[in-house]
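Quick caveat, the model's predicted, so the values are computed rather than measured. Just so it is clear: chains get the letters A, B, ... in the order the sequence lines come, proteins before strands, and each one is counted from 1.
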Amino acid sequence: MPELPEVETTKNALSNFITEAKVIEVEIFKEELRWPINNNLKSDIKNSIILNPFRLGKYIIVPTDRNKCLLLHLGMSGFLKISKKKIKVKKHDHVKFTFLNTKHEEIYVLYNDTRRFGFIDYFDNDKLNEHFLIKKLGVEPLSLDLNTKYLLKKFNNRDVTIKTSLLDQKIVAGIGNIYASEILFLSKIHPLLKVKFLDKKMANRLCKSIKYILKKAIDKGGTTIKDFKNPDGQIGYFKQDLLVYSRKGMECFDCEKHIKMINFSGRATYYCKKCQGFEKKFLKEI
DNA sequence: CGTAGCGCCTGCCGGC
DNA sequence: TGCCGGCAGGCGCTAC
């Protein structure tokens, strides 16, 4: 479900509701996620004050005034429900947090993850950068760290397809399967192009497209394909802006050709053969 | 070392 | 209607 824009949307909602709020209660209903929820969480975080949450790649970090932080990852199917009204606990709700905000209103936050590919961690603030997952992350796509030069350096001599590279969180953090297809369509680059063949012009287009697509998706509150909802129950409106993803067989918006769907590395990839064509010698053997 | 592929989970949808 | 295979927004681990 969540790629950078959905995680950003979630983080912003969390920020609006619980910044400076006090943790009143933590209830863990099902600790099994990708890894079991850190047991210290329940007792340790109680009575902490929440500082401003932020995002790194697809991770949400919630720091507290006790130099600890909560790390949230939503996996494939995770999402948060945030409300000022009591929320009934449902299937696949793993944790429920109760906060008291500065207006002395109770805020409820539920972490729900059907497929359990997400996880929650809790540890010392100063350990964040050396956290085994965080330390691997590449540059933030919306920062100046992501530029043409950086991409060319990372792609130099590598024998991987551009689609695979966009999904590689060690290069750029936050792009997932939907936005990878979208970005490549906008860049007019074939998903199976080996990155070592990427020239400066293409890298420049790619860089601009990454920033453009992600920004636009954030503005629209993310993409709702199946059941993604923002924490306040709103769906994301980027779906109607999707150029190729989930449009197999439909007409390309730029030419009369039909959108292709291929499957490699176990993931669906959508593209327009005409708009994203390139010389056959560059094509990876399928 | 870098890369490809598997497997983790549950639910839903389309085809028979 | 019911069953079954395929598929789903992520990512760590293992084998090569």
Does OP1 or OP2 of C:dG9 have a side-chain N or O of A:Y179 closer than 4.0 Å? no
So, does A:R267 get its side chain near the phosphate of C:dG9, meaning an N or O under 4.0 Å from OP1 or OP2?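 For C:dG9, OP1 or OP2 has a side-chain N or O of A:R267 closer than 4.0 Å.
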Nearest-nucleotide check on DNA chain B, A:N157 vs A:H92; residue mapping nearer the 5' end is A:N157
If you find the nucleotide of DNA chain B closest to A:R115 and the one closest to A:D159, which residue's nucleotide is nearer the 5' end?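 Residue closer to the 5' terminus by nearest nucleotide: A:D159.
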How long is the line joining [atom1] of [X] and [atom2] of [N], in whole Å?
X	N	atom1	atom2	value
A:N112	B:dC9	CG	C1'	13 Å
A:K135	C:dG12	NZ	P	12 Å
A:L167	C:dA8	CG	P	13 Å
A:K163	C:dC11	NZ	P	13 Å
A:L166	C:dG9	CG	C1'	15 Å
A:W35	B:dG7	CH2	P	18 Å
A:K170	C:dC11	NZ	C1'	10 Å
A:L137	C:dC11	CG	C1'	11 Å

Using a 4.0 Å heavy-atom cut-off across all strands, classify [X] as base, sugar-phosphate, or nothing.
X	value
A:F119	nothing
A:D113	nothing
A:R158	sugar-phosphate
A:K91	sugar-phosphate

State whether the aromatic ring of A:F117 stacks on the base of C:dC11, taking stacking to mean ring centres under 5.5 Å apart and ring planes under 30° to each other.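 Here A:F117 fails the 5.5 Å or the 30° condition.
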Given the [atom1] atoms of [N] and [M], what is the spacing between them in whole Å?
N	M	atom1	answer
C:dC11	B:dC12	P	23 Å
B:dT3	C:dG9	C1'	23 Å
C:dC7	B:dG5	P	16 Å

Minimum-distance nucleotide to [X] side chain [options: [options]]:
X	options	result
A:T114	B:dT10, C:dG12, C:dG9	B:dT10
A:H73	B:dT3, C:dA8, C:dG10	C:dG10
A:L133	C:dG12, B:dT10, C:dG10	C:dG12
A:K58	B:dC9, C:dC11, C:dG9	C:dC11

Quick one: do the [X] and [Y] side chains pair a donor with an acceptor below 3.5 Å?
X	Y	answer
A:K163	A:N177	yes
A:E6	A:Y179	yes
A:S77	A:T114	no
A:S15	A:N52	yes

If pairing means Watson-Crick or G-U wobble with both distances under 3.5 Å, then the partner of C:dC4 is B:dG14
Scanning all shown strands, the Watson-Crick or wobble mate of C:dG9 with both distances under 3.5 Å is none
In terms of ring plane angle, is the pair A:F119 and A:H73 parallel, tilted or perpendicular, where the classes change at 30° and 60°?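 It falls in the parallel class, under 30°.
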When the nearest nucleotide of DNA chain C is assigned to A:A268 and to A:Q169 on a heavy-atom basis, which residue is associated with the more 5' position?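 This one resolves to A:A268.
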Centroid-to-centroid, A:F123 to A:H131, below 6.0 Å?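 Distance test on ring centres: under 6.0 Å, yes.
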Run the numbers on A:K215 and A:L142 for side-chain contact (heavy atoms from CB on, under 4.5 Å), then give the verdict. CA-CA 8 Å; A:K215 264 186 209 159; A:L142 297 178; 3.9 Å; yes
